[in-house]
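Data first, discussion second: the structure below is written as structure tokens.
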2 protein chains.
Amino acid sequence: MTAGMAAPGFPAPIVTADMVILALRDGTLNVLLIQRAAPPFAQNWALPGGFIHADEDADIEAAARRILKDKTGVDSPYLEQVQTVGNGTRDPRGWTVSIVYMALIAADSAALASGANAADVKWWALQGAPPLPGLAFDHTEILAACVKRLRNKVEYTTLPVHLLPARFTLPDLQALYERILDRKMDKSAFRKRMAEANFLEPVMGEKRAASNRPAQIYRLRDGCATIFFDRTM
Amino acid sequence: MTAGMAAPGFPAPIVTADMVILALRDGTLNVLLIQRAAPPFAQNWALPGGFIHADEDADIEAAARRILKDKTGVDSPYLEQVQTVGNGTRDPRGWTVSIVYMALIAADSAALASGANAADVKWWALQGAPPLPGLAFDHTEILAACVKRLRNKVEYTTLPVHLLPARFTLPDLQALYERILDRKMDKSAFRKRMAEANFLEPVMGEKRAASNRPAQIYRLRDGCATIFFDRTM
DNA sequence: CAAATAGTGTCTTTGAGACAATATATC
DNA sequence: GATATATTGTCTCAAAGACACTATTTG
């Protein structure tokens with residue numbers, strides 16, 4: 001904030017928080033969309049979002065968490081502020097500002113709920129079978145920017161772990177990296193990377209069932225946030 | 001944007017754009033601060049900023065450019081949206097949202113102007129002699145986050161060129177990297193990096209005066225935005 | 001030519017990737 | 001044991017850093 005007096009002489013823009021909620025379903029990235037119940041863009045699919053409640057939300061991130069919880073029931077996801085867009089043309093009602101957050105959650109932790117203002121809530125695969133519909137407002141561009149950011153960060157961080165359930169194997173994790181980056185990676189080099197990042201710990205005694213050698217199960221080490229690698233993948 | 005009706009039933013938060021304007025003066029990073037003329041925080045130093053003019057600014061970035069131009073006269077800097085902060089406590093007047101931009105400019109291109117709402121405008125060194133004053137609002141934290149982001153990006157991008165004048169030498173550039181990152185770098189490796197990034201072109205025939213071998217002068221190649229290295233510095 | 005800094009070349013070490021070998025389950 | 005995948009080890013190659021050498025200017 002800065003310059004001025006109490007309230008500016010012109011109307012303040014409307015401020016909303018919009019969520020790009022991503023999860024892994026059947027091995028592919030999915031985004032959570034809502035079908036709008038009211039105009040503008042009624043019936044259109046859009047990113048979940050909502051106004052900031054000055055009396056209820058302590059800060060912007062709290063608003064983002066509230067919206068996420070409303071739609072998915074998920075409480076503590078990986079949450080990251082991605083960008084803020086604002087102009088006079090993106091919403092027919094006038095100058096609006098949207099603060100965009102990306103949330104990564106484990107698909108099995110979500111329990112969808114439409115709630116107010118939404119006719120429907122659904123997961124959509126980012127690629128493949130039912131192509132993504134055109135979205136309301138500038139949400140198509142916002143989503144694209146978000147996914148681009150995710151792909152970029154996956155190159156040099158441990159972000160993908162947040163898309164897996166709490167317990168997972170190294171082959172699971174490698175397959176996920178390969179899915180998101182759309183290229184094969186060397187098993188040996190991948191494991192060396194993960195080992196030196198030192199953010200996983202084996203869950204002793206547990207294995208995974210199959211007709212072959214079972215894989216060690218891991219979980220995030222306590223207090224390990226996202227790790228940045230020294231080098232890119 | 002998203003959910004709802006025409007206008008929310010609660011007052012919209014005030015929205016401002018705040019600028020972290022950085023330049024290199026006497027070899028050290030400086031930030032441009034204004035001294036506030038009006039309450040709250042009258043007399044305190046703060047980041048330049050201002051309300052978004054819905055009728056005048058096409059979008060948020062245009063507002064940021066307008067503020068920058070007002071204070072420095074600079075037209076086309078490196079400009080990057082850094083973060084958006086918003087809560088009910090950062091401004092005594094109520095819930096506010098601030099969209100923070102970082103601008104990198106060449107010191108020689110700026111012509112400071114106080115303009116409205118500012119008693120004074122001044123460059124402050126980030127480190128050294130006159131220590132930075134405590135800033136109004138949460139601007140101290142915002143500035144710190146910005147500088148952290150800059151240092152981080154300098155590790156893997158060509159960002160620092162925007163702090164130099166249009167024509168500069170490789171030793172100039174290396175010294176700047178070393179200043180910002182606060183460590184010595186190998187001349188040979190540094191030059192290899194810059195060469196393979198392929199974003200500079202030599203200005204033929206020109207050299208630099210001194211009592212030693214003159215350095216080749218370079219400029220940014222046409223159409224070269226910030227380059228991301230494959231590896232970190 | 002002495003001083004000072006610009007610019008280049010060489011050697012060593014590190015780390016990533018390719019690929020092979022070994023380990024451990026089920027059937 | 002046959003099969004399938006997990007996990008580890010080895011070899012090769014390329015890039016980064018350390019460091020030394022050459023180049024070019026002024027006084």
Side-chain angles (χ1 to χ4, degrees), chain A residues 27 154-158 160-161 164-165 167-219 227-233, chain B residues 27 154-158 160-161 164-165 167-219 227-233:
Chain A
V154 168
E155 288 280 359
Y156 59 93
T157 68
T158 59
V161 291
L164 291 175
R167 287 155 193 248
F168 53 88
T169 67
L170 284 179
D172 287 342
L173 186 57
Q174 181 173 349
L176 176 51
Y177 270 91
E178 291 176 343
R179 270 297 187 144
I180 297 178
L181 296 177
D182 194 29
R183 68 168 195 262
K184 283 286 173 193
M185 305 182 63
D186 181 75
K187 217 181 346 178
S188 176
F190 181 83
R191 281 157 179 267
K192 270 182 251 171
R193 268 295 187 76
M194 297 302 139
E196 82 193 19
N198 197 35
F199 70 115
L200 298 178
E201 66 185 6
V203 178
M204 295 307 288
E206 297 190 73
K207 303 277 173 172
R208 158 163 297 197
S211 166
N212 51 28
R213 174 172 176 177
Q216 176 66 53
I217 293 187
Y218 291 85
R219 65 181 182 86
I227 307 295
F228 289 72
F229 302 128
D230 287 344
R231 314 257 169 231
T232 65
M233 299 284 303
Chain B
V154 168
E155 287 280 0
Y156 58 92
T157 68
T158 59
V161 290
L164 290 176
R167 284 151 197 250
F168 54 87
T169 67
L170 285 179
D172 288 342
L173 186 58
Q174 181 173 349
L176 176 52
Y177 271 91
E178 292 177 342
R179 270 294 188 146
I180 298 178
L181 296 177
D182 193 29
R183 68 168 194 263
K184 283 285 173 193
M185 305 182 63
D186 182 75
K187 214 182 351 177
S188 175
F190 181 83
R191 281 158 179 266
K192 269 183 249 170
R193 269 295 186 77
M194 297 303 138
E196 83 192 17
N198 197 35
F199 70 114
L200 298 178
E201 65 185 7
V203 178
M204 295 305 289
E206 297 190 74
K207 304 276 173 171
R208 158 163 297 195
S211 167
N212 50 29
R213 175 172 174 176
Q216 175 67 52
I217 294 187
Y218 291 86
R219 65 181 184 85
I227 307 295
F228 289 72
F229 302 128
D230 286 346
R231 314 258 169 230
T232 65
M233 299 286 300

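By convention in this document, chain letters (A, B, ...) are assigned in the order of the sequence lines, proteins followed by strands, and residues within each chain are numbered from 1.
For A:Glu196, the side chain to side chain contact (heavy atoms under 4.5 Å, CB included) partners at least two apart in sequence or on another chain are A:Arg193. By the side chain to side chain contact (heavy atoms under 4.5 Å, CB included) test, B:Asp186 is found to be paired with B:Ser188, B:Ala189, residues two or more places apart in sequence or in another chain being considered. With sequence neighbours left out, the side chain to side chain contact (heavy atoms under 4.5 Å, CB included) criterion links A:Arg179 to A:Thr28. Scanning for side chain to side chain donor-acceptor pair (under 3.5 Å) contacts around A:Asp182 gives an empty result, with sequence neighbours left out. Remark: A:Pro165 engages A:Asp108 in a side chain to side chain contact (heavy atoms under 4.5 Å, CB included) (not counting sequence neighbours). For A:Thr158, the side chain to side chain donor-acceptor pair (under 3.5 Å) test picks out no residue, with sequence neighbours left out. Residues meeting the side chain to side chain donor-acceptor pair (under 3.5 Å) test with B:Arg167, sequence neighbours left out: B:Glu206.
The CD-C1' distance, from A:Gln174 to C:dA16, rounds to 14 Å in whole Å. Computed from coordinates, the A:Asp172 CG to D:dA6 C1' distance equals 12 Å when rounded to whole Å. Whole-Å rounding puts the B:Met185 CE to C:dG7 P distance at 17 Å. The interatomic distance linking B:Arg191 (CZ) with C:dG9 (P) rounds to 12 Å, in whole Å. For the pair A:Ile217 CD1 and D:dA6 P, the computed distance is 12 Å after rounding to whole Å. Here the C1' atom of nucleotide C:dG15 and the CZ atom of A:Phe229 are 15 Å apart, to the nearest Å. When rounded to the nearest whole Å, the span between CD of B:Gln216 and P of D:dT25 equals 11 Å. Counting to the nearest Å, the C1' atom of D:dC19 and the CZ atom of B:Phe190 are 18 Å from each other.
Note on the helix from C:dC1-D:dG27 to C:dC27-D:dG1: angle between the axes of the first and last five pairs equals 10°, rounded to 10 degrees.
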Whether each nucleotide of nucleotides 20-27 of chain C has a protein heavy atom under 4.0 Å at its base (B), only at its sugar-phosphate (S) or at neither (-) is summarised, 5' to 3', as ---BBBS-
Once base and sugar-phosphate atoms are separated, protein heavy atoms under 4.0 Å mark nucleotides 11-16 of chain D, 5' to 3', with B, S and - as -----S
- Does the pair B:Phe229 and B:Met194 meet the rule for a side chain to side chain contact (heavy atoms under 4.5 Å, CB included), with working shown? CA-CA 9 Å; B:Phe229 302 128; B:Met194 297 303 138; 3.7 Å; yes
- Message: side chain to side chain contact (heavy atoms under 4.5 Å, CB included) for B:Leu200 and B:Phe168? Distances and angles first, verdict last.
- Response: CA-CA 10 Å; B:Leu200 298 178; B:Phe168 54 87; 3.6 Å; yes
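A distance-only check finds a donor-acceptor pair linking the side chain of A:Gln216 to the backbone of A:Val203 [under 3.5 Å]. Although no hydrogens or angles enter the test, the distance criterion places no donor-acceptor pair under 3.5 Å between the side chain of B:Glu178 and the main chain of B:Leu173.
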